[in-house]
Amino acid sequence: MMLPTATATAVFLTAAPSSFSTRRRRSRAIFASLSPSFSASEEPLLVRAARGEDGLPRPPAWMMRQAGRYMAEYQALAKRHPSFRERSENTDLIVEITLQPWRAFAPDGVILFSDILTPLPAIGVPFDISDSKGPVIQSPVRSKEQVRELVPIDLDMLQFVGESLKILRNEIDGKAALLGFVGAPWTIATYIVEGGMTNTYTNIKSMCHTAPDVLKGLLSHLAQAISDYIIYQVNSRAQCIQIFDSWGGQLPPHVWEQWSKPYIKQIVSRIKKECPNVPLVLYINGNGGLLERMKNTGVDVIGLDWTVDMTDGRRRLGNGISVQGNVDPAFLFSPLPVLTDEIHRLVKAQRFPFNLRYFVFLLNAHVQFINEIT
């Protein structure tokens with residue numbers, strides 16, 4: 001599952017329930033200390049950085065898991081609307097949840113509150129979300145017949161996404177970049193084939209060898225659908241799109257080269273033709289062994305996870321592509337000055353989008369513990 005994201009400091013400071021207004025002021029101070037604020041007469045800073053523009057005043061700051069349960073406002077809303085599907089498929093709720101962290105912390109990116117599995121029903125794959133198991137697909141796709149039953153993406157079923165993006169673009173009024181996102185074909189396929197979350201990826205990895213034609217057909221269908229979905233988001237006024245191959249890092253590099261990269265390249269190639277001015281970001285969990293291969297997909301930005309040294313990542317990728325990342329989540333348990341120093345260290349190490357996906361991903365996994373120790 002991929003829930004969208006504000007600054008690491010902001011998320012950390014609001015994890016505990018007390019003194020929220022004080023923490024909010026301190027988190028804003030972290031942003032302000034990075035550099036002068038954005039001028040509304042220009043394109044958003046994040047978009048300019050993603051395109052690789054020179055001479056920017058500072059790296060833009062945002063986090064992918066921006067809206068979510070670390071915020072008291074979100075917790076209150078979730079009590080009134082306990083279904084995640086409702087929260088992520090109702091235009092009014094999507095807009096409100098997306099704007100909560102932007103109003104609180106003024107990050108440089110506002111990312112749509114949604115999920116990488118949101119478009120599945122629109123291609124003929126219904127799913128549910130269980131509080132204990134996460135996403136559940138009752139009929140995993142593992143045969144040629146099931147692949148043939150998939151339909152071209154029905155964008156009319158996703159109008160809540162388009163409507164939300166249009167409203168959000170008007171709300172933020174050029175003061176930040178509006179980001180959409182999608183899952184990469186391999187990652188989406190893992191859910192469809194496995195029937196939900198998995199720690200082993202047994203079925204889909206076996207299909208690489210036992211039913212390669214079935215898997216190729218599924219991945220090709222997903223690449224087409226995801227391309228259509230990206231274009232729909234762009235036409236609905238998204239300014240930058242992030243592609244999450246969340247489980248691509250579970251593959252050996254040569255296997256990722258065969259079963260994930262070609263389908264990402266297919267998507268990138270089409271988007272570059274039809275939406276040439278929209279930057280594309282690629283992120284993979286555990287991507288240290290894939291950086292050079294990721295660059296060859298043609299995206300504009302590579303997201304580095306916290307296991308990759310920023311300087312080494314920049315050396316390996318070269319200067320022809322933007323990067324974003326990457327704080328060790330252990331810094332969440334450090335005193336604020338230590339966390340602040342680490343943020344500034346990373347800012348000095350790069351001129352590119354500043355993103356803390358793993359930071360927040362692990363924070364959400366340990367909210368109860370953080371609340372207990374604070």
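Positions are given from 1 along the sequence. Keep in mind that what you see is a predicted model, and the values were worked out from it rather than measured.
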Test item: R48 side-chain N/O and E53 main-chain N/O as donor-acceptor pair under 3.5 Å
no
Could you go step by step and tell me if V323 and L317 meet the side-chain contact (heavy atoms from CB on, under 4.5 Å) rule?
CA-CA 9 Å; V323 296; L317 290 168; 3.4 Å; yes
Check the hydrophobic clustering (I, L, V, M, F, W, Y; side-chain heavy atoms under 4.5 Å; chains of links allowed) and say if V182 and V161 are grouped together.
yes
So CD of Q100 and OH of Y74: to nearest 0.5 Å the spacing works out to 8.5 Å
Spell out, as yes or no, whether a donor-acceptor pair under 3.5 Å connects the side chain of E89 to the backbone of T118.
no
Step by step, would you call V234 with E274 a side-chain contact (heavy atoms from CB on, under 4.5 Å)?
CA-CA 10 Å; V234 172; E274 300 196 29; over 6 Å; no
If hydrophobic clusters are built from ILVMFWY residues whose side chains come within less than 4.5 Å, do M197 and F244 share one?
yes
Where L218 and A189 come nearest, the two heavy atoms and their spacing
CD2-CB, 4.0 Å
Value rounded to 0.5 Å, distance of CG in L168 from CD1 in I94:
8.5 Å
Closest heavy-atom contact between V214 and K144?
CG2-CG, 3.5 Å
Stepwise side-chain hydrogen bond (donor to acceptor under 3.5 Å, both in side chains) test for R85 and N90:
CA-CA 8 Å; R85 289 287 298 273; N90 175 285; over 6 Å; no
Short question: side chain of D300, backbone of A50 - any donor-acceptor pair under 3.5 Å?
no
Hey, are the side chains of W102 and K175 touching, using non-hydrogen atoms and a 4.5 Å cut-off?
yes
Kindly compute the distance separating CG (L222) from CD1 (I188), expressed to the nearest 0.5 Å.
7.0 Å
Between G288 and R316, what is the shortest heavy-atom contact and its length?
O-NH2, 2.7 Å
One pair to check against side-chain hydrogen bond (donor to acceptor under 3.5 Å, both in side chains): T210 and S206. What are the steps and the verdict?
CA-CA 6 Å; T210 60; S206 295; 5.6 Å; no
Check step by step if side-chain contact (heavy atoms from CB on, under 4.5 Å) holds for I153 and Y232.
CA-CA 11 Å; I153 191 167; Y232 176 68; over 6 Å; no
Atom pair CG (D92) and CZ (R87), whose distance is rounded to the nearest 0.5 Å:
15.0 Å
For N277 and R51, which I'm curious about, is there any donor-acceptor pair between the side chains at under 3.5 Å?
no
In terms of heavy-atom contacts, P107 and A176 come closest through O-CB, 3.7 Å
Quick check: does any side chain N or O of S322 sit under 3.5 Å from a backbone N or O of A49, one acting as donor and the other as acceptor?
yes
Hydrophobic clusters here meaning ILVMFWY residues chained together by side-chain heavy-atom distances under 4.5 Å, can you tell me if L99 and F113 are in one?
yes
With a 4.5 Å heavy-atom cut-off, do S164 and T91 have their side chains touching?
yes
Under 3.5 Å, sequence neighbours excluded: what are the donor-acceptor pairs made by side chains of residues 224-231?
| unit_1 | atom_1 | unit_2 | atom_2 | d |
| --- | --- | --- | --- | --- |
| Q224 | NE2 | D228 | OD1 | 3.4 |
| S227 | OG | A223 | O | 2.8 |
| D228 | OD1 | R270 | NH1 | 2.6 |
| D228 | OD1 | R270 | NH2 | 2.8 |

I need the minimum non-hydrogen distance between P59 and D108, along with the two atoms involved.
O-OD2, 4.5 Å
Could you state whether I241 and L282 fall into the same hydrophobic cluster, counting links through intermediate Ile, Leu, Val, Met, Phe, Trp or Tyr residues with side-chain heavy atoms under 4.5 angstrom apart?
yes
If you round to the nearest 0.5 Å, how far is CZ of F84 from CD1 of I129?
5.0 Å
With distance as the sole test, does Q75 use its side chain to make a donor-acceptor pair with the main-chain N or O of R69 at under 3.5 Å?
yes
Between P121 and D154, is there a side-chain heavy-atom distance shorter than 4.5 Å?
no
Expected output: side-chain S220 to main-chain K216 donor-acceptor under 3.5 Å
yes
Decide yes or no on salt bridge (Lys or Arg N to Asp or Glu O under 4.0 Å) for K295 and E292, but give the supporting numbers first.
CA-CA 5 Å; K295 180 179 180 179; E292 293 83 356; over 6 Å; no
Report yes if the side chains of M71 and P101 come closer than 4.5 Å at any heavy-atom pair, otherwise no.
yes
I need the E43 CD to Q239 CD distance, nearest 0.5 Å.
7.0 Å
Could you walk me through whether D245 and T187 pass the side-chain hydrogen bond (donor to acceptor under 3.5 Å, both in side chains) test, one step at a time?
CA-CA 5 Å; D245 196 7; T187 290; 2.7 Å; yes
Do the side chains of M310 and Q324 get nearer than 4.5 Å, heavy atoms only?
no
Once you measure the plane-to-plane angle for Y201 and W247, does it fall in the parallel (<30°), tilted (30-60°) or perpendicular (>60°) bin?
tilted
Could you tell me whether the side chain of R237 and the main chain of K166 form a donor-acceptor pair under 3.5 Å?
no
Check: S88/D115 side-chain N/O donor and acceptor closer than 3.5 Å
no
Between T200 and K205, what is the shortest heavy-atom contact and its length?
O-CD, 4.3 Å
State, yes or no, whether a side-chain contact exists between P57 and L45 at a heavy-atom distance under 4.5 Å.
yes
Checking side-chain contact (heavy atoms from CB on, under 4.5 Å) for the pair M294/V299: CA distance, chi angles, key distance, verdict?
CA-CA 8 Å; M294 291 171 68; V299 296; 6.0 Å; no
Check whether the side chains of S143 and Q146 place a donor and an acceptor atom closer than 3.5 Å, and report yes or no.
yes
Does I116 belong to the same Ile/Leu/Val/Met/Phe/Trp/Tyr cluster as I192, with side-chain heavy atoms less than 4.5 Å apart forming each link?
yes
Quick one: does L280's side chain get under 4.5 Å of V301's, heavy atoms only?
no
Given side chains that start at C-beta, do those of I243 and T297 come closer than 4.5 Å, heavy atoms only?
no
